[in-house]
Protein chains: 2
Amino acid sequence: MTKDHENELTKERILNEAEILFAQKGYKSVNIREITKAANCNLAAVNYYFGSKKNLYLDIFRSRWMARAKRLQEFFKSSLGSISPNSPAKIVEALAYTFLKGPLSEEERHRHHQLIAREMAQPTEALEMIIDQMIKPFIKELSDMLLPSMSKDVTKEELILNILSMFAIVLYFNFARKAVTSIINRPYDSEFKTKLIEHIINFSLYGLSGSQKEELK
Amino acid sequence: MTKDHENELTKERILNEAEILFAQKGYKSVNIREITKAANCNLAAVNYYFGSKKNLYLDIFRSRWMARAKRLQEFFKSSLGSISPNSPAKIVEALAYTFLKGPLSEEERHRHHQLIAREMAQPTEALEMIIDQMIKPFIKELSDMLLPSMSKDVTKEELILNILSMFAIVLYFNFARKAVTSIINRPYDSEFKTKLIEHIINFSLYGLSGSQKEELK
DNA sequence: ATGTGTATAAAACATTTGTTTAAATGTCAA
DNA sequence: TTGACATTTAAACAAATGTTTTATACACAT
């Protein structure tokens, strides 16, 4: 097949299956034979299309992960509407909804957060790209949105720490599902996720005081 | 050397070096040759003392990680003092201090959280043990401490979610250091950690509202 | 000193794994 | 149909890796 006809079926299948496997098991634990087997193609296809296993991994971040992150940010922005300035409550609600329900399927969301969690635990070139091109700009936007509502003596750095803490929670409940379901002792189903969103919004806005007795606050 | 004399030097050295390497690079990315080289012993020593690489990994959790987790919990409890009941503020302060300063060295703390983060992303037998023997009992204790201060309509499950969110933040700032320092654009030094503790306490207690303008709360 | 069990050492082994090669197959334009 | 190029396939390769084996060194009770 010629390039013109763009039969990328094989290449696409490899990207799809490899992403699933890397998310599930991590880079080192996945071998090319199981990728090509899952993608129903020959062993040599990975090196033929991507040059190396390492580069396939990076390509997944370049072509798949980044696109999805962009989708998430677009979804977040459009779900905020055009009313500006937005209250912190609205922003947090939109964030929690976007990253726990939102445009991604359950499997996609899980994959997305598994991959980024692995990168954060053990950074490769991919992390630098993600931080520079996606995370930093997004945090900048969020900072600008939140800043008008913040107390004067809150520094930019403190604001960023607040944003990171929200993401830390979202990340945790997405990538540590096994631990969460085992500790909470209930399945990670749609009903639980609804409770989770409610919790994350409440905790991000008010912390423990959001659950405390009125007279103690 | 006989068993009586307990020359565990080699075995101990292997445990020490292997833990460092597993924390840094993950199970699959560490090979026995680099462990035994770091521990200054023969290649066969791992299989001689531990039977297999897998079992060495599990032994690290059994003998090292669990002991350290216990140390942390003891430190937390003793830093709370015997005054009971404790306010949520006191509890959160003691938690943040214990897990970000506290009894562990910087390297130990980093290792500790790297290992548990990896287990949560990709559970092995170790995670079940950790959850059953350490995390669940600790969460139970914290729940009992916090419950008296909670609003009547807060369920036990919601309380656990609150506790997990606090740990999610602590975990994140400990295991994702590279990402954090890159985003914040400052080194992960003692000064930063002091700010971090302050932030975690404030965010865990009051969320974003702890940084908002008074008139907007 | 001798024998017994422990510990260390070096080498060998069998798999696994990423990559390369070379041949075969397929596609399409001229 | 033919030639040129893209794709697929099977086989081979070299390096890495967990484990086992066999021999040697060591410590200590008898």
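Protein chains get the first letters and strands the later ones, always in sequence-line order, with residue 1 at the start of each.
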Rounded to whole angstroms, how far apart are CZ on A:Arg13 and P on D:dT7?
13 Å
With B:Asn42, which residues qualify under side chain to side chain contact (heavy atoms under 4.5 Å, CB included), at least two apart?
B:Ala44
A:Thr10 vs D:dT7: side-chain N/O to OP1/OP2 distance below 4.0 Å
no
Across all chains, not counting sequence neighbours, the side-chain hydrogen bond (donor to acceptor under 3.5 Å, both in side chains) partners of B:Glu119 are B:Tyr57, B:Thr124
Tell me every residue that passes side chain to side chain contact (heavy atoms under 4.5 Å, CB included) with B:Gln24, counting only those two or more places apart in sequence or in another chain.
B:Ile20, B:Leu21
Polar-atom pairs under 3.5 Å, protein N or O versus N or O of nucleotides 16-19 of chain D: list them with distances, or write none.
unit_1: D:dT17; atom_1: OP2; unit_2: B:Asn31; atom_2: ND2; d: 2.8
unit_1: D:dG18; atom_1: OP1; unit_2: B:Lys53; atom_2: NZ; d: 2.9
unit_1: D:dG18; atom_1: OP2; unit_2: B:Ile32; atom_2: N; d: 2.9
unit_1: D:dG18; atom_1: N7; unit_2: B:Arg33; atom_2: NH1; d: 3.0
unit_1: D:dG18; atom_1: O6; unit_2: B:Arg33; atom_2: NH2; d: 2.9
unit_1: D:dT19; atom_1: OP2; unit_2: B:Asn47; atom_2: OD1; d: 3.4
unit_1: D:dT19; atom_1: OP2; unit_2: B:Lys53; atom_2: N; d: 2.9

Roughly, in whole Å, what's the span from CG in B:Leu9 to P in D:dA27?
13 Å
Between atom CG in B:Asn42 and atom P in C:dA11, what is the gap in whole Å?
10 Å
With B:Lys25 via side-chain hydrogen bond (donor to acceptor under 3.5 Å, both in side chains) - residues at least two apart
B:Glu34
Quiz question: by atom type and distance under 3.5 Å, do the side chains of A:Asn174 and A:Arg111 form a donor-acceptor pair?
no
What is the distance, rounded to the nearest whole Å, between atom CZ of B:Phe50 and atom P of C:dA7?
12 Å
How many whole angstroms separate atom OH of A:Tyr48 from atom P of C:dT25?
17 Å
Rounded to whole angstrom units, what separation is found between the OH atom of A:Tyr49 and the C1' atom of C:dT19?
17 Å
Using whole Å, report how far NZ of A:Lys37 lies from P of C:dT17.
12 Å
Tell me the salt bridge (Lys or Arg N to Asp or Glu O under 4.0 Å) pairs involving residues 162-178 of chain A, sequence neighbours left out?
A:Glu106-A:Arg177
